[in-house]
Every structure is written in C-alpha cells, then in structure tokens.
Amino acid sequence: MAVYNGERFLDAAVESVLAQDFTDFEFIIVDDGSTDGTLGILQHYAEQDARIRLLVNAQNRGTFYSFNRGINIARSPYIACMDADDVTLPHRLGLQVAFLDSYPEIGLVGGLVDTINEQGVVGRKKSFLPHADILIQWSLCFTNLIPHDTVMMRRALVQAVGGYRQEAGTHIGDYDLWARLIPTTRACMLPVLLTHIRRSPTYVTNVSSRLADEQKQAVVSIASSLLRQRLGTHAPPNVEALMQKMYARPHGWTLDHATQMARLKYQLAQVFLADGQLGEDETRLLRAKAATEIHRLFRSFRYQPRAWRMWLWIWKLDRAVALRPFVKKWQGDKDGFG
C-alpha cells in the first residue's frame with residue numbers, strides 16, 4: 001500500500017488487510033511523504049501487528065515509485081497492491097494465493113469490485129470483466145478493464161518487465177504495467193467480488209474518478225501501441241486517430257470510420273487466431289467477442305450497401321452472431337403473426 005495524506009480513510013483500508021482470512025503475509029506500507037496524520041496512524045498499526053513493514057519516503061515521490069519500493073523489498077513470490085482509501089474483502093488474499101498456487105501458468109489474477117462512497121455505502125457494481133486470458137489480451141488492446149486494487153501478481157514477472165513506470169503518469173501506471181506484463185504471461189479475472197473501491201469527489205488521491213483529457217490521451221497512446229505491436233505491418237497508419245475517435249464515443253461516426261475500426265478488429269482477431277496457442281474454448285470466446293464488437297459498429301449502418309463488408313467479417317468470425325438479428329426478426333414476425 002502506498003499512501004499520501006490519506007488519514008481520512010486509512011483505518012478502514014489497513015484494518016481490511018489485517019482482517020484477511022489468510023494470515024501468512026507481510027503488509028508493506030509506504031508513507032509517501034505525508035504531511036497530515038498518516039504517519040502516526042501507520043506507526044500505531046505497525047506497533048500492534050508485526051506483519052506490517054513500514055517504509056517512509058523523505059519526500060513525496062508518487063504512488064508508483066512507492067509501489068516499486070515495496071515490491072523490491074518484498075519477500076513473497078506474490079504481490080498485491082491497493083490504494084489507501086479502498087477496502088479489500090476478507091477472502092481476497094487466500095483465494096488468490098490458492099489460485100496462483102494451483103495454476104503456475106497464470107501470472108496475474110484479479111476479480112470484481114463494488115464502489116463505495118465516503119460513508120462506505122456500496123454503490124455501482126462493476127459486474128463485467130473479461131475473465132479468460134484471451135479476452136483480457138483482446139480488451140487490453142482497446143482499454144483497461146482490470147481493477148488494479150483486485151490484482152495479485154507474481155513478483156518475479158513484475159520485476160522482469162521493470163515494475164511500474166512513474167513516467168507513465170499518475171492516472172494510468174497500472175494500464176502501462178499490464179501492457180508490458182500480460183503479453184509475457186497468462187491472466188485471469190475471477191467472477192468473485194474482492195474489493196470495495198472508494199469513489200470520493202473530495203479525496204484528492206482518488207484520481208480514477210476524474211477521467212481527464214490527459215488520461216484519455218494516455219490510454220489512447222498505450223492502446224495504439226499495443227495494437228501496432230499485435231498487428232505489425234497490418235496496423236493502419238491512422239490507428240491512434242481511430243482510437244481517439246473511439247474514446248470520443250462513436251457519435252458522429254461515418255461509415256468509413258466504422259468500417260476502418262471494424263477492419264482493425266477483424267485483423268486483430270486473425271492475428272490472435274493465427275497464433276496457434278488457443279484452445280477450442282478460447283477460440284470460440286475470441287470469435288464471439290470480435291464478431292459482437294464489429295456488429296455494434298455495423299448495426300448503425302446496416303441499411304447502407306457498403307456496410308455489408310462489415311457483416312461479411314462478422315460472418316467469417318462467428319456465424320451465430322452474424323445471423324442473430326435475422327433470427328430475432330424472424331421470431332418477432334412469427335410471434336406477431338401468431
């Protein structure tokens with residue numbers, strides 16, 4: 001845990017870790033040059049529980065510098081990070097340790113989150129996450145859907161890719177790490193609630209609740225880089241412009257924009273499918289995912305003749321997805337006639 005001036009919610013965060021069902025862990029906390037009562041609170045907890053290892057930065061160095069400092073002195077082969085205003089549920093560490101012990105090919109495991117407000121009341125649930133490795137690999141090429149405060153990783157893999165990069169920016173250091181880490185290993189998101197993430201408009205360190213233009217541009221840059229790496233010579237020259245258009249939401253998209261994005265997704269799917277490492281289930285999941293995303297682009301232009309190129313890509317990927325609107329229409333006509 002890295003904390004800077006986090007005294008307001010610090011008790012709840014620290015106690016949620018100390019109350020884990022799984023007890024064989026070290027709790028490394030880095031006070032990042034706090035100027036409020038944070039250090040005193042942490043010193044109190046460190047005196048009460050020997051599992052806490054307290055580090056203090058002489059000056060504020062940033063969250064990801066602090067995470068790296070903790071990772072570098074950690075003794076466990078597994079690491080998990082969390083923010084100082086969130087609450088981790090009691091079963092989190094035990095469940096993830098057991099999972100990583102059972103699946104040595106998995107390098108990163110996360111799970112579901114709920115949001116809580118300043119009073120700790122549960123609000124919006126984040127119920128969807130790409131669960132299988134291939135869907136995580138696919139989704140990372142477009143956005144970051146992995147909740148950082150639910151993740152447990154193999155420390156050696158994180159260190160091998162250089163850990164967190166401070167220069168990546170305060171908002172997207174986790175996405176930057178996933179972009180370098182996940183292509184080197186396999187990942188899984190468990191369909192289990194692991195963490196309550198606090199959404200507080202007045203808590204200055206909660207940057208994830210304020211999606212600024214700077215953050216959007218940084219996400220576009222990482223996603224575009226991943227797409228270029230995956231697609232190689234097939235990457236369109238305007239891939240970053242397409243991603244910027246996507247993050248501006250598809251309102252006002254032309255048929256040409258939609259077709260270009262659909263082609264990019266079709267080509268990306270072909271790259272994954274050609275890899276030869278996918279099992280039958282992962283192949284099926286990827287085909288359905290890519291076809292569904294292309295269909296979302298197609299349906300706004302489905303009555304325009306040139307849009308049928310997109311439908312052909314859908315057909316090649318997953319015929320069930322391609323035929324779904326026709327089946328729904330037939331069922332509706334049948335029901336209406338009856």
Side-chain angles (χ1 to χ4, degrees), residues 1-7 9-10 12-14 16-18 20 25-34 38-39 41-42 45-46 51-88 92-93 96-97 100 107-111 113 140 144-182 184-185 187 194-198 203-209 215 218-219 222:
M1 176 187 290
V3 53
Y4 173 68
N5 288 353
E7 63 178 359
F9 302 112
L10 189 55
V14 171
S16 74
V17 177
L18 299 179
Q20 290 293 296
F25 62 85
E26 59 177 357
F27 187 8
I28 300 172
I29 309 177
V30 183
D31 175 60
D32 190 21
S34 296
T38 290
L39 182 57
I41 295 172
L42 294 177
Y45 280 110
R51 293 173 299 179
I52 294 177
R53 299 176 65 188
L54 179 59
L55 305 178
V56 180
N57 293 339
Q59 59 185 4
N60 181 247
R61 300 294 299 272
T63 298
F64 297 115
Y65 172 91
S66 300
F67 278 152
N68 284 337
R69 188 179 178 197
I71 290 168
N72 289 335
I73 71 161
R75 295 181 288 237
S76 170
Y78 305 148
I79 55 170
C81 297
M82 67 175 287
D83 289 337
D85 60 335
D86 295 339
V87 174
T88 191
R92 176 191 170 188
L93 295 184
Q96 292 181 306
V97 167
L100 291 176
L108 178 152
V109 60
V113 299
L140 273 179
N144 179 20
L145 293 178
I146 300 176
H148 181 253
D149 285 7
T150 71
V151 166
M152 181 176 285
M153 303 170 281
R154 297 187 188 274
R155 182 167 61 92
L157 295 177
V158 175
Q159 291 179 311
V161 298
Y164 294 92
R165 294 196 301 190
Q166 188 78 0
E167 63 270 22
T170 304
H171 305 301
I172 59 157
D174 54 342
Y175 187 21
D176 174 74
L177 177 59
W178 311 153
R180 290 176 286 117
L181 176 65
I182 288 182
T184 71
T185 184
L194 299 179
T195 305
H196 287 151
I197 294 182
R198 199 176 302 272
Y203 190 44
V204 296
T205 65
N206 193 334
V207 297
S208 59
S209 64
Q215 182 180 1
V219 170
I222 291 176

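Residues Val56 and Leu39 meet the side-chain proximity criterion, which asks for heavy atoms closer than 4.5 Å. Contact check for Leu140 versus Tyr175: side-chain heavy atoms found under the 4.5 Å cut-off. No side-chain heavy atom of Ile71 sits under 4.5 Å from any side-chain heavy atom of Ile28. Between Val151 and Gln96 there is no side-chain heavy-atom pair separated by less than 4.5 Å. Side-chain contact check for Phe67 versus Ile79: every heavy-atom pair is 4.5 Å or farther apart.
Here CZ of Arg69 is found 4.5 Å from CG of Leu55. Values are rounded to the nearest 0.5 Å. In this structure, CD1 on Ile73 lies 12.0 Å from CG on Asn68, to the nearest 0.5 angstrom. Atoms NE2 and CG, from His148 and Leu177 in turn, are 7.0 Å apart once rounded to the nearest 0.5 Å. Taken to the nearest 0.5 Å, the CZ atom of Arg165 stands 9.0 Å off from the CD1 atom of Ile172. One distance of note links CZ of Arg155 with CG of Asn72; it measures 8.5 Å at 0.5 Å rounding.
Side chain of Thr150 to main chain of Gly110: no donor-acceptor pair is present (N/O by atom type, distance under 3.5 Å, no hydrogens or angles). Remark: side-chain polar atoms of Thr38 are paired, donor with acceptor, to backbone N or O of Gly6 under 3.5 angstrom. Within the 3.5 Å criterion, the main-chain N or O of Gly163 finds a donor-acceptor partner in the side chain of Arg180.
Across all their heavy atoms, Ser66 and Ala2 have their closest contact at CB-CB, 3.6 Å. Closest heavy-atom contact between Ala13 and Ala84: CB-O, 3.5 Å. The minimum heavy-atom distance between Asp149 and Met82, with the atom names listed, is OD1-CA, 3.5 Å. For Arg92 against Ala80, the heavy-atom pair with the smallest separation is NH2-CB, 3.4 Å. The two atoms that bring Cys81 and Tyr164 nearest to each other are SG-OH, 3.7 Å, heavy atoms only. Listed here is the closest heavy atom pair of Arg198 and Asp86: N-OD1, 2.8 Å.
Every salt bridge (charged side-chain N to carboxylate O under 4.0 Å, His left out) that Arg53 has, sequence neighbours left out, goes to Glu26. For Ala187, the side chain to side chain contact (heavy atoms under 4.5 Å, CB included) partners at least two apart in sequence or on another chain are Leu108, Asp133, Ile136, Ile182. With sequence neighbours excluded, the residues satisfying side chain to side chain contact (heavy atoms under 4.5 Å, CB included) with Leu157 are Arg154, Leu181, Thr185. In this view, Arg61 and Asp32, Asn57, Gln59, Tyr65 satisfy the side chain to side chain contact (heavy atoms under 4.5 Å, CB included) rule, not counting sequence neighbours. With sequence neighbours excluded, the residues satisfying side-chain hydrogen bond (donor to acceptor under 3.5 Å, both in side chains) with Asp31 are Ser34. Under the side chain to side chain contact (heavy atoms under 4.5 Å, CB included) criterion, Leu18 pairs with Val14, Phe27, Tyr45, Asp49, Arg51, Ile52, sequence neighbours left out.
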Exercise. Would you sort out whether Tyr78 and Leu93 count as a side-chain contact (heavy atoms from CB on, under 4.5 Å), showing the intermediate values?
Key: CA-CA 10 Å; Tyr78 305 148; Leu93 295 184; over 6 Å; no

Quiz item: Going through the distances and angles, do Asn144 and Val219 end up as a side-chain contact (heavy atoms from CB on, under 4.5 Å)?
Solution: CA-CA 8 Å; Asn144 179 20; Val219 170; over 6 Å; no

